[in-house]
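Nothing here was measured: the structure is a model prediction, and the numbers come from that model. For ligands, and for the atoms within them, numbers begin at 1 and follow the listed sequence.
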Amino acid sequence: MGSRAVRVRCPAKINLGLWILGRRPDGYHEIDTVLQAVSLEDELLLEEAREGFALETRGLPIPGGEPNILERAWTLLAPRIRSRGVRVRLTKRIPVAGGLGGGSSDAAGFLLGVNRLLALDRSVEELHSLAAQLGSDVPFFLKGGTARATGRGVEVRHLCPAPPAWIVLATPPLAISTTWAYARARIPLTPEGRGGTILAAALGSNEWNSITPHFHNDFEDVVLPEFEMVARLRRALDASGVLGSLLSGSGSTVFGLALTREEAQSAANAIADLGASLHVVRTTERGVALAELT
Ligand code: C5P
């Protein structure tokens, strides 16, 4: 028997490193990235229904247009589900299209949550494959924590948890298209390809002082010259005394990393008048987390 309702907490991510290595025959890009889950979370409440898929959203607005990623996730699962459905309430707190993986995390949470709710008994491999069909960032969130992802981004190797840290997230009010950013990225003729290895090794030192010098994001060369507001935030965070700062994914969020909450909060105060939405959060060792409700 499945449970009657499942609550899923879906964390955001930041990229501590991201290298674009080349174009792939399937139209995607070969990347090497190090991801870290953080404690800003969306929440899904999943309830069993007689049939179909119904979605209610609260919190931050989600721009319409394309079918919601959760509806696509249901469509992937649905051919194998007979005469049962799911009612979803999504509380959105992670800024949308901000490089924080919110939609991807929601999709991973939905797959794990519906698997539990309807007692579908899908294997880890099956869930990973469905996650990869939904988006390049989705598989990471099944386990979260600290991980290195290669290939299209769906080959995920979990690393030892990074030492705890406080993160300031600064999201300007602009959505940057990932497709656009990849299309503009400069592809090296002979990619060096060692950045991810060096960053992963530095993470093993367990000392942020040795890790942050290896932060790197190839999207900065595309996004910072094009979006002055992002560049300004990046410079201001750098000058605010944080240990390291970087663009997350293809943006628009930039983050700063500090060892204490006070330091992170003072960095947030220093950039408070630059028009970004600000969150002070922690790194987390978790991915999506389920709780059954009766
Ligand atoms: O996989 P996802 O749907 O999140 O990717 C969004 C878009 O980003 C893709 O349509 C593609 O244009 C681009 N992308 C890419 N290479 C990757 C991941 C994404 O070119 N490794």
Side-chain angles (χ1 to χ4, degrees), residues 10-37 42 62-77 90 92 94-111 127-144 147-157 171 174-189 191-193 195-197 199-200 216-223 226-227 230 246-253 287-288:
C10 306
K13 61 85 179 160
I14 52 176
N15 300 78
L16 305 180
L18 194 158
W19 291 264
I20 303 170
L21 304 179
R23 290 200 184 81
R24 295 158 54 98
D26 61 7
Y28 284 83
H29 290 76
E30 198 69 22
I31 62 168
D32 189 352
T33 183
V34 174
L35 300 133
Q36 172 63 53
D42 287 345
I62 304 168
E66 291 177 35
N68 186 283
I69 193 166
L70 301 185
E71 200 171 344
R72 289 207 287 125
W74 174 252
T75 311
L76 281 182
L77 281 168
L90 166 62
K92 196 83 202 146
I94 304 171
V96 177
L100 297 172
S104 302
S105 186
D106 300 345
F110 181 86
L111 290 175
L127 291 167
H128 186 282
S129 148
L130 293 176
Q133 290 175 60
L134 287 167
S136 305
D137 277 343
V138 181
F140 161 74
F141 287 104
L142 295 171
K143 254 181 87 180
R148 184 173 176 187
T150 52
R152 212 187 102 205
V154 304
E155 286 149 41
V156 183
R157 256 171 304 152
T171 310
L174 38 103
I176 297 177
S177 151
T178 304
T179 307
W180 170 85
Y182 270 110
R184 290 285 294 267
R186 207 170 45 82
I187 311 295
L189 282 176
E192 203 211 334
T197 303
L199 177 57
H216 175 86
N217 185 345
D218 276 342
F219 282 123
E220 288 201 332
D221 291 340
V222 176
V223 171
E226 194 77 22
F227 297 94
V230 183
L246 198 69
L247 183 76
S248 184
S250 57
S252 59
T253 300
V288 294

- Between Leu70, Val138, Val288, which is the residue that forms a side-chain contact (heavy atoms from CB on, under 4.5 Å) with Phe110? Leu70
- Item | Numbered atoms and elements of ligand 1 in range of Gly135, under 4.0 angstrom, heavy atoms | 1 (O)
- Item | side chain to side chain contact (heavy atoms under 4.5 Å, CB included) evaluation trace for Ile31 with Tyr182 | CA-CA 11 Å; Ile31 62 168; Tyr182 270 110; 3.6 Å; yes
- Numbering as shown, the atoms of ligand 1 that approach Thr178 to under 4.0 Å (heavy-atom distance): 8 (O)
- Closest approach of any protein heavy atom to atom 16 (N) of ligand 1, naming residue and atom: His29 N, 2.8 Å
- Message: Please check this pair: side chain of Asn217 against backbone of Leu247, looking for a donor-acceptor N/O pair closer than 3.5 Å.
- Response: yes
- Item | Identity and separation of the nearest protein heavy atom to atom 4 (O) of ligand 1 | Ser136 N, 3.6 Å
- Query: Is there a donor-acceptor contact under 3.5 Å linking the side chains of Ser248 and Thr253?
  - Reply: no
- Atoms of ligand 1 less than 4.0 Å from Thr179 heavy atoms? 7 (C), 10 (O), 12 (O)
- Message: So Lys92 and Asp106, do their side chains get closer than 4.5 Å, heavy atoms only?
- Response: yes
- Query: Nearest protein heavy-atom contact for atom 13 (C) of ligand 1: which residue, which atom, what distance?
  - Reply: Tyr182 CD1, 3.4 Å
- Item | Any donor-acceptor pair under 3.5 Å from Asn15 side chain to Gly249 backbone | yes
- Message: Counting non-hydrogen protein atoms only, what is the nearest one to atom 9 (C) of ligand 1? Give residue, atom name and distance.
- Response: Tyr28 CE2, 3.9 Å
